[in-house]
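This report concerns only the one structure given below.
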Amino acid sequence: MSGRKRIQVDESEWYRIQRKAQQLKEVQRNIPRLIDEVRAQTRADIDRSFAGVQERQRRHEQAMSALSDQTRRLEETTTRRLREQADQLHRSLDEAAGQIRAETRRDLARQREETRQAITAEREERRAEMLRVNQEIDAIKQDRARSEEMVRAWLGDARTMVALIADTLPHERYAPGELARLGGRLNTAEHNAAEGRYEAALALAQETFHSLSDLRVDTEQRELERCSAQSEAVEALVRVEKLAEGNARRPVIGPDGQALAGYELDVVHWSHGEYDALREETRNALERARDDATDTGELLELRDQETARLEQILGDTVERAGMRHLAAQIRVNLADAVATTLHEYAYYDLVEGDYENGDQRGRYTARLRNGDNELVVDVAQAEPDSEKCVIRVLSYDHDVTSEAALLHRAEAVRRALSAEGLSVSEPECEPGSPEDMVPDPGHPARRPVPAPARRPLPAPAPAGEEPARKTL
């Protein structure tokens, strides 16, 4: 005789109904102040990101004043367009902060494309201007002093452009090695000029200058695209962060689908650390998004894939926390049903009942007594987050000792649970003694027994709320 009887209760259908009725997985999005908080945080990040853009624009404009007349007028229009593009992007992102949608992204992409086309047209004009100047050179080839002056001007302008790109733009991110290559061509042009080959030096200096100008424009535009992607990634992740904060506590929903006043689900408590892990992942993703070293591709991945993944985890975490909370109440209800059956069947009175270590997330045990005979009813999940419960009836009887009598009593419990519409397995004998289940001296079965007094288990709280606490 083992004195340990096991009954498994399948609550799968009940869980399914509860999930549907309470919409546990639906993350609450209509949280007061959510959009305002996301907008405020996103705007702060946008301003920080574009502060660097504005500083670059200022230095570019200063550099234009150092160029010769022949190149300054070719670059001023491009500089102005780049500044207008940056200002327009800043305004658009600021206005859409907190609610960037697909149409906003399409508008931003259209604006970038229009600016790119305009700058491309201007580049072609600069090339045509270069050809015109070259034709003028033919008329002054015999004027050695004038030729040398023009070569020196182009070389100086090219060196100014090299310094500007090296000091202000992340050129190695978008065109690794290109600035060094163009610097080498510039060295060759300077060598030609030093040897008096001004015609060759002029052609190479002009071509190198325009290539440097192209590098500057391409790098600036691609960096603006990165800034845009960064703003969108930060906003998306800040939204996840705020959604997580807003769903840390959820209302408890009653059978009528309405929130029960005074009751809350503490998602942090019931998530077994999953909520904190999600918050940590979100913080790490935000750090990557805010890092200016993060490239555009990774930012888009953070915006589209990582954000969706984190929101999915948040929904799953909220759902599991809600189901664990409901399962805790099921364990109380099952223990109460068993205690009631044993009272009616064999006059056992409830002595006490509690969760393991006082933690509602653990197993529930109830101790019953009839004279010198004792029973402990132990209710636990079959597996972590399982939709099945296992009820163990541990017998410490002096009168009832036969295996047949113990099985008959367990069968009475099974019939009572089945009569309530539960899917219940046949009772099984488990090997070992009841003491194997309660090695802890603090366990209900090991504590001194007070005078028997019939008292009910805690009354089931509405919608699975544990009665001893209003905030779970």
Side-chain angles (χ1 to χ4, degrees), residues 11-12 14-16 18-19 22-29 31 34 37-38 41 233-234 236-253 259 263-290 301-302 305-332 334 354-365 378-390 439-440 442-443 461 463-472:
E11 295 279 353
S12 300
W14 185 89
Y15 274 78
R16 186 189 66 78
Q18 289 299 313
R19 282 193 180 97
Q22 300 204 33
Q23 296 180 325
L24 290 170
K25 198 168 186 175
E26 290 297 321
V27 175
Q28 292 180 325
R29 298 177 183 277
I31 301 171
L34 172 62
E37 290 176 358
V38 173
Q41 183 63 66
V234 167
L237 289 165
V238 167
R239 183 179 292 108
V240 173
E241 185 178 57
K242 297 303 180 182
L243 283 173
E245 290 176 5
N247 282 271
R249 292 182 179 275
R250 295 278 297 257
V252 175
I253 307 300
Y263 290 90
E264 281 187 322
L265 167 67
D266 186 343
V267 173
V268 181
H269 174 75
W270 288 96
S271 71
H272 289 286
E274 294 172 3
Y275 178 88
D276 291 334
L278 167 68
R279 292 296 305 276
E280 182 65 21
E281 279 199 77
T282 304
R283 280 192 292 269
N284 291 339
L286 262 172
E287 286 181 7
R288 286 160 53 200
R290 286 170 171 150
E301 182 179 338
L302 287 170
Q305 299 177 27
E306 185 67 0
T307 299
R309 187 184 72 86
L310 291 171
E311 283 205 37
Q312 177 69 37
I313 292 175
L314 176 60
D316 292 342
T317 300
V318 169
E319 179 184 35
R320 279 193 294 271
M323 295 312 295
R324 288 166 183 163
H325 168 247
L326 292 168
Q329 184 62 53
I330 288 178
R331 292 194 287 277
V332 177
L334 289 174
D354 196 4
Y355 290 97
E356 184 179 22
N357 299 321
D359 189 340
Q360 298 143 339
R361 296 170 295 184
R363 64 201 316 126
Y364 191 90
T365 55
D378 179 278
V379 186
Q381 301 296 107
E383 299 290 342
D385 295 323
S386 170
E387 296 177 349
K388 296 181 174 63
C389 286
V390 173
D440 181 3
H443 190 281
E465 183 66 52
E466 205 285 323
R469 294 175 55 186
K470 281 195 173 185
T471 300
L472 291 178

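Position 1 is the first residue of the sequence, and the numbers go up from there. Computed from a prediction, not measured in an experiment: that's the story for all the values here.
We find the CZ-CG distance between R309 and L314 to be 12.0 Å, quoted to the nearest 0.5 Å. The distance from atom OG1 of T282 to atom CZ of R239, rounded to the nearest 0.5 Å, is 13.0 Å. Separating the CZ atom in R279 from the CG atom in N284 is a distance of 12.0 Å, to the nearest 0.5 Å. In this structure, CG on D385 lies 9.5 Å from CE on M323, to the nearest 0.5 angstrom.
With hydrogens and angles disregarded, a donor-acceptor distance shorter than 3.5 Å links the side chain of T307 to the backbone of L302. Not a single donor-acceptor pair under 3.5 Å links the side chain of N357 to the backbone N or O of D359. In this structure, the side chain of R331 engages the main chain of Q360 through a donor-acceptor pair within 3.5 Å.
Residues E274 and R324 are paired through a salt bridge, judged by an N-O separation under 4.0 Å between the basic side chain and the carboxylate.
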message: Checking Q329 against V332 for the side chain to side chain contact (heavy atoms under 4.5 Å, CB included) test, could you report, in this order, the C-alpha distance in whole Å, the side-chain angles of both residues, the deciding distance, and whether it holds?
response: CA-CA 5 Å; Q329 184 62 53; V332 177; 3.8 Å; yes
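Between C389 and V379, the closest heavy-atom pair is CB-CG1, 4.5 Å. Between A321 and S271, the closest heavy-atom pair is CB-N, 4.2 Å. Heavy atoms only, all atoms of each residue included: T317 and Y275 are closest at CG2-N, 3.9 Å.
Test E281, E280, E287 against R283 for side chain to side chain donor-acceptor pair (under 3.5 Å) and you get one pass: E280.
Under the 4.5 Å side-chain criterion, counting only non-hydrogen atoms from C-beta, R361 is not in contact with E356. At least one side-chain heavy atom of L237 sits less than 4.5 Å from a side-chain heavy atom of L310.
Applying the side chain to side chain contact (heavy atoms under 4.5 Å, CB included) criterion to E383, with sequence neighbours excluded, gives S386.
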